[in-house]
Asks: 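This is the structure I want to talk about, given as structure tokens.
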Protein chains: 2
Amino acid sequence: MAAPTLDDVAKKAGVSTATVSRCLNTPDRVVKATRERVMEAVKSLGYTPNFAARVMAAKRSFTMGAIIPTMDNAIFARGLQAFQEALHESGYTLLVASSAYTPEIEEEQIRALVSRGADGLLLIGHERDPSVYDFLARQNIPTLVAWSFDATARLPSVGFDNRAAMRAVTAEVIAQGHRRLAMISGICAGNDRATARVAGLRDAVVAAGMDPDAVPIMETHYGIETGAAAFEDLMARTPRPTAVICGNDVQAVGAMGIAAKLGLEVPCDVSITGFDDLEIATIASPALTTVHVPHRDMGRAAARVLVEMVEDKRIPASVELATELRLRASLAPPGG
Amino acid sequence: MAAPTLDDVAKKAGVSTATVSRCLNTPDRVVKATRERVMEAVKSLGYTPNFAARVMAAKRSFTMGAIIPTMDNAIFARGLQAFQEALHESGYTLLVASSAYTPEIEEEQIRALVSRGADGLLLIGHERDPSVYDFLARQNIPTLVAWSFDATARLPSVGFDNRAAMRAVTAEVIAQGHRRLAMISGICAGNDRATARVAGLRDAVVAAGMDPDAVPIMETHYGIETGAAAFEDLMARTPRPTAVICGNDVQAVGAMGIAAKLGLEVPCDVSITGFDDLEIATIASPALTTVHVPHRDMGRAAARVLVEMVEDKRIPASVELATELRLRASLAPPGG
DNA sequence: TTGTATGCGTTATCAA
DNA sequence: TTGATAACGCATACAA
């Protein structure tokens with residue numbers, strides 16, 4: 001009735017548990033005849049190794065943990081998928097948890113993954129309480145940060161320069177003649193990507209000799225509906241912005257959706273830009289001008305670096321990836 | 001250097017490991033003075049229980065596993081989020097894995113979660129190899145199916161009637177005067193939801209006295225781009241369909257996006273319907289007619305039932321939830 | 001090549 | 001209320 005154990009298999013095959021264990025982990029150290037007999041028993045009993053016992057005995061779990069802010073939208077999906085695929089190729093399983101953009105929950109999830117024996121951890125962004133880093137150091141668990149590059153931060157990272165990327169978008173918007181800008185940003189508290197993107201916008205505005213404090217910034221959670229609500233609010237202001245720069249494609253798509261309902265045409269009446277270049281950006285009407293982030297490359301690079309950290313026990317250099325401005329129809333000079 | 005253990009805490013607090021364990025698990029069975037001393041030691045050492053050891057000793061993990069076909073889009077996100085929240089309230093942690101709609105990967109993930117000590121499992125849909133059910137039975141692990149209701153299936157389920165729901169959408173489309181229908185469906189092989197939705201469409205077509213074989217059906221993976229491609233293909237046919245019924249909102253949104261690029265207006269030139277009522281359905285322009293699925297209710301109900309299965313060790317009745325047709329602007333009589 | 005024996009960190013049983 | 005100790009299932013050092 002209970003699940004079969006190594007011992008059951010050993011008895012059935014007429015060998016010791018050590019031999020069964022070897023058959024499963026280092027098959028070439030067992031002669032073929034024995035191995036076949038053991039495998040036969042394994043199959044007929046439907047034996048599955050008990051992971052907890054294996055972790056305890058081997059002190060390795062071949063499991064990596066990742067904690068992302070949300071699973072609710074596509075922001076992290078593509079990169080995480082690539083991360084997972086690359087880990088799988090290296091023989092690791094990925095466990096994913098989400099923090100709901102909440103520091104307390106993130107800490108709880110970190111503990112949960114560590115106590116589950118994760119060999120390494122992937123976190124998003126650098127901004128968190130120092131005690132978290134102390135905990136990670138004490139547990140001696142390799143941890144990598146993604147989605148945000150910062151060579152000076154406490155943990156190594158694989159990411160891109162959010163600030164420079166948003167600076168480039170904004171500069172382009174200004175270059176096309178827009179002077180009344182507005183921004184829809186993610187919640188900046190505890191989110192270094194959102195913070196950096198706001199800073200990037202201000203950089204560009206200042207560089208153009210404009211007043212950064214004259215640019216209204218709506219902070220909302222990443223979401224289609226919240227993006228739509230923020231956009232509606234901005235459109236009700238006087239003077240009305242001619243370009244709305246969004247910190248994320250999800251918000252931008254929400255903005256585009258509500259624009260149609262408000263009787264505003266994009267880009268004639270108002271230009272909209274996004275960030276991330278999610279699948280939805282190319283399919284939206286009009287197609288969304290945005291920042292292309294090499295999510296898949298980032299995910300694969302993160303896997304490579306994290307495995308290296310775990311297996312070689314050394315701290316690697318951070319990796320910076322380039323982003324790229326994708327000019328599409330949602331951005332045009334003011335008035336069309 | 002290594003992570004602190006129960007023993008370290010016990011030594012530091014000057015008690016036995018048993019007492020420390022009790023402080024953590026059944027605090028009221030320890031006098032306050034002792035408990036405070038122990039907790040003090042726990043905190044100062046930054047102790048985190050070793051999950052593997054705990055699972056081995058207690059034969060319970062307070063962990064549930066869920067395997068969903070994909071994390072790549074929002075289809076399962078909302079329901080899973082609610083599932084997770086409800087489990088959390090009951091003291092369980094959720095581990096999520098994705099199968100990429102591939103039976104082999106699903107089996108692998110099931111084994112991974114079982115061997116990790118999951119107390120219970122949530123799977124999507126009923127269609128899979130019988131050997132999987134044998135394995136689950138032998139491991140004696142409570143398993144629940146969601147997203148698909150079928151009281152006659154081998155496993156209990158919490159879901160809805162995909163076939164009846166799609167029958168209702170199609171009947172409405174026909175009632176509005178459409179005669180040249182087409183469908184964009186998910187891949188039916190191994191997917192009982194997609195299969196049932198196609199069957200529902202045929203039901204309605206037959207009931208209207210029309211020829212079901214005259215309705216072109218494009219099977220594609222759920223995705224914005226694939227939905228767009230399928231739609232483009234359908235629009236190139238003669239005679240051109242006046243209504244395209246999609247098995248999913250994601251495909252429908254892809255179809256709507258490409259429609260604009262093809263110079264087709266929705267719903268004047270072609271009506272489009274979806275399924276799921278994701279956030280994107282209301283924000284799309286025009287808003288998408290679709291089937292509202294009570295994802296959050298389903299997730300919460302699934303959590304309740306699964307916890308019950310694990311804790312009471314009995315097989316519960318399946319739960320059927322009602323879906324609801326949401327008529328919006330993307331569907332109108334042919335010609336506008 | 002195979003078997004024996006020990007330890008991994010925790011919970012639970014039984015005594016004290 | 002607390003402590004000693006036996007599992008739990010597996011990997012591995014060491015012996016044969």
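The chains referred to below are lettered A, B, ... by the order of the sequence lines, with proteins before strands, and numbering in each begins at 1. Model, not experiment: these values are computed from the prediction.
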Asks: Rounding to an integer number of Å, can you tell me how far L45(A) CG sits from dG9(D) P?
Replies: 14 Å

Asks: Give V55(B) one of three labels, base, sugar-phosphate or nothing, depending on what nucleic acid heavy atoms sit under 4.0 Å from its own.
Replies: nothing

Asks: To the nearest Å, give me how far apart CZ (R60(B)) and C1' (dT10(C)) are.
Replies: 16 Å

Asks: Rounded to the Å, how far apart are F62(A) CZ and dC10(D) C1'?
Replies: 15 Å

Asks: I'd like to check the ring pair (Phe, Tyr, Trp, His ring centres under 6.0 Å) partners of F83(A); sequence neighbours left out, ordered by chain and number.
Replies: none

Asks: Enumerate the protein-to-nucleotides 3-5 of chain D contacts in which both atoms are nitrogen or oxygen and the separation is below 3.5 Å.
Replies:
residue: dG3(D); atom: OP2; partner: S16(B); partner atom: N; Å: 3.0
residue: dG3(D); atom: OP2; partner: S16(B); partner atom: OG; Å: 3.1
residue: dG3(D); atom: OP2; partner: T19(B); partner atom: OG1; Å: 2.5
residue: dG3(D); atom: N7; partner: R22(B); partner atom: NH2; Å: 2.9
residue: dG3(D); atom: O6; partner: R22(B); partner atom: NH1; Å: 3.3

Asks: Expressed as a whole number of angstroms, how long is the span from D7(B):CG to dT11(C):C1'?
Replies: 14 Å

Asks: Taking salt bridge (Lys or Arg N to Asp or Glu O under 4.0 Å) as the definition, give me every residue that meets it alongside D28(B), ordered by chain and number, with sequence neighbours left out.
Replies: none

Asks: Strictly below 4.0 Å, N to O, side chains only: are R296(A) and E85(A) in salt-bridge contact?
Replies: yes

Asks: What pairs of nitrogen or oxygen atoms, one from the protein and one from nucleotides 7-9 of chain C, lie under 3.5 Å apart?
Replies:
residue: dG9(C); atom: N2; partner: A53(B); partner atom: O; Å: 3.4

Asks: Over how many whole Å does the gap from R29(A) atom CZ to dT2(C) atom P extend?
Replies: 11 Å

Asks: Considering residues at least two apart in sequence or located in another chain, which fulfil the side chain to side chain contact (heavy atoms under 4.5 Å, CB included) criterion with V55(A)?
Replies: F51(A), S61(A), A52(B)

Asks: Round to a whole Å and report the spacing from CZ of R35(B) to C1' of dT1(D).
Replies: 12 Å

Asks: Starting from the first five and the last five pairs of the helix from dT1(C)-dA16(D) to dA16(C)-dT1(D), work out the angle between the resulting helix axes, to 10 degrees.
Replies: 30°

Asks: Measuring from E40(B):CD to K12(B):NZ, what's the distance to the nearest 0.5 Å?
Replies: 8.5 Å

